[in-house]
Amino acid sequence: ATALPLARATRPLSVAGRRYGGTPFALPPRRMPWSRRAPLRNLRAEEDSSKPASLHEVDGGIGSMEGDSESVVESRGGVDAARLAMPEYEVRNEDGDGRQLDRLWSNLAAVEGEKSPKLLHSPGSVLGASSLVAGTTVGAGVLALPAVTLPSGFIPSTEALAFCWLYMGASGLLVAETYLNALMTTASPSQSILTLARSTLGETGAKLSGGTYALIHYALLVAYIAQGGTILAEVTGISGVLGSVVFTAALGIFLYTSSQQRIEQVNNVFVLGVLSSFALLVALGSRSVNPELLTHQEFAPLIAAVPTMFVSLVFQNIIPSICAQLEGDVDKVRKAIIFGTGIPFLMFVVWNAVILGVVDPASTTEGLIDPLQILRNDPRTGGALFSRAISAFSELAIITSFIGFVIGLRDFYSDLFSNGSSSTPSAQSQETEEEDSKPAENPEVPVAAIYSLILLPPLLASQLNPQIFFSAIDTAGTFGVSVLFGILPAWMAWIQRYGREEKIATLPVLPGGQVSLTAMIGVASFLIAVELAERAGLMG
């Protein structure tokens with residue numbers, strides 16, 4: 001994925017409204033034919049009511065929870081609707097067109113007016129949120145896909161990729177659910193996956209999430225420095241070691257000396273280059289696709305490919321920002337996840353088809369083979385032009401991912417050194433809005449020292465093994481992504497749903513109740529167990 005920042009959500013401007021834990025939220029108007037607000041009745045039908053038990057009345061307006069109280073609890077994962085802090089958020093209008101309360105708060109911005117400042121509503125859009133999800137998902141992980149899918153073939157690997165897409169999408173929904181429900185207790189929209197783990201799982205969850213967060217970042221930085229330095233060395237003719245040093249130093253100095261706005265501007269140019277070179281690669285490679293090669297099927301190697309697919313589909317880190325941008329509207333968040341991950345999924349399928357339709361798996365030797373390296377020297381694909389396009393696509397994809405991961409670790413260490421590992425969400429929720437908008441500062445730890453801590457260890461590790469690009473991605477996917485975006489989201493949702501009785505913002509977003517949560521944890525645990533067994537020599 002392109003980036004794994006801490007993804008702090010921007011605090012909405014506070015205006016008069018309901019208060020939860022002292023934090024005011026600006027409530028939106030309901031989608032109802034009346035304007036007067038009135039207290040809501042409990043979602044459970046009154047025993048003496050003459051209306052059907054499936055209906056919910058508010059000032060004469062009728063909405064539906066699509067079933068009576070008991071069936072609602074059963075269909076929504078066994079979570080009692082009486083726990084809802086704002087029941088109208090889950091009630092549909094009688095015609096089924098939208099919710100009676102379509103968002104949890106309103107994002108307002110103060111702008112200068114002719115006489116006095118004005119408040120403008122900034123609701124965010126599904127298109128913008130989807131673009132952010134897609135941009136985060138598309139990254140250097142796609143470079144490793146052909147190497148792990150070649151042994152299985154196009155059809156089996158596409159099926160496995162579809163499974164991973166659904167799994168990671170479900171994980172994103174769980175993160176969104178956890179984030180929205182946590183607002184009812186922390187009263188702070190400025191939350192990351194790390195703070196969510198602390199608020200739901202305690203210090204054990206915080207340490208586990210922090211450890212896996214660092215593992216993912218360092219493992220992938222090792223991979224990116226190794227591969228980025230190798231490509232730079234091939235293009236310029238310098239040694240591989242010097243290529244890695246120049247690659248790391250150039251980008252590190254750029255990030256250290258540039259403002260956030262400047263970094264975003266340059267990164268956008270790199271992203272445009274990634275998309276352009278990808279389109280050129282598909283156009284050149286598709287002319288040489290052999291349909292017979294796409295019929296090759298071997299299901300045994302699929303399990304080994306799943307961790308790399310996980311890495312390629314990571315986006316959950318930005319879900320808190322997406323939820324804040326869309327004002328807690330679950331319907332919009334769900335659409336942003338589906339559309340935002342669906343586009344990269346289709347790109348990966350096309351990419352997979354082009355590469356696997358040109359490289360014959362029978363012509364390769366045993367061991368991990370990089371099909372992109374083979375295609376660089378294949379005259380059928382366009383010769384020098386195709387080779388340059390591969391180098392440009394690979395290097396630009398690595399650079400965009402490298403930038404995001406370095407920024408993610410920088411924010412991680414800034415928070416760690418500024419707040420300490422023992423800071424609690426309740427303490428964080430008492431920070432002022434002005435403090436939330438400023439980067440963490442600690443005069444005892446210079447920024448240069450933080451960058452050194454981020455860049456020097458992976459630079460040294462990248463020189464240990466020339467094939468470390470693939471092994472590092474596999475490690476990050478198996479032990480990092482599986483825990484941070486597989487086990488932890490399901491675990492956090494389980495605690496919120498079944499381990500507590502506190503108020504919640506939304507009923508379960510992911511259907512299936514305890515069965516789906518158990519399956520999420522089971523899949524991730526299985527991958528970890530298989531990898532550990534292989535490394536211990538217990539599997540042939």
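Values in this document were obtained by computation on a predicted structure and should not be read as measured data. One-based numbering along the sequence shown.
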Can you sort out the partners of A160 under side chain to side chain contact (heavy atoms under 4.5 Å, CB included), two or more places apart, ordered by chain and number? L302, M309
Under a plain distance cut-off of 3.5 Å, with no hydrogens placed, do S157 and N352 share a side-chain donor-acceptor pair? yes
With a 4.5 Å limit on heavy-atom distance, are the side chains of L313 and T341 in contact? no
Is there side-chain contact between M168 and V481, with heavy atoms separated by less than 4.5 Å? yes
Would you say F526 has more than 12 foreign heavy atoms packed within less than 6.0 Å of its CZ? no
Check G141 against Y224 and note the closest heavy-atom contact, atom names and distance. N-OH, 4.3 Å
I need the E177 CD to I504 CD1 distance, nearest 0.5 Å. 7.5 Å
Heavy-atom side-chain proximity of H217 to F412 below 4.5 angstrom: no
Contact between L174 and V509 at the side-chain level, heavy atoms closer than 4.5 Å - yes or no? no
Return a table of donor-acceptor pairs under 3.5 angstrom between the side chains of residues 445-452 and protein atoms on other chains or two or more places apart.
residue	atom	partner	partner atom	Å
Y451	OH	L255	O	3.3
Y451	OH	R410	NH1	3.4
S452	OG	A448	O	2.9

Please work out which of the three classes, parallel, tilted or perpendicular, describes the rings of F163 and Y167, given edges at 30° and 60°. tilted
Does any donor atom in the side chain of R535 or T475 lie under 3.5 Å from an acceptor atom in the other side chain? yes
Close side-chain approach of L201 and L488, heavy atoms under 4.5 Å: yes
D331 vs R334 side-chain heavy atoms within contact, under 4.5 Å: yes
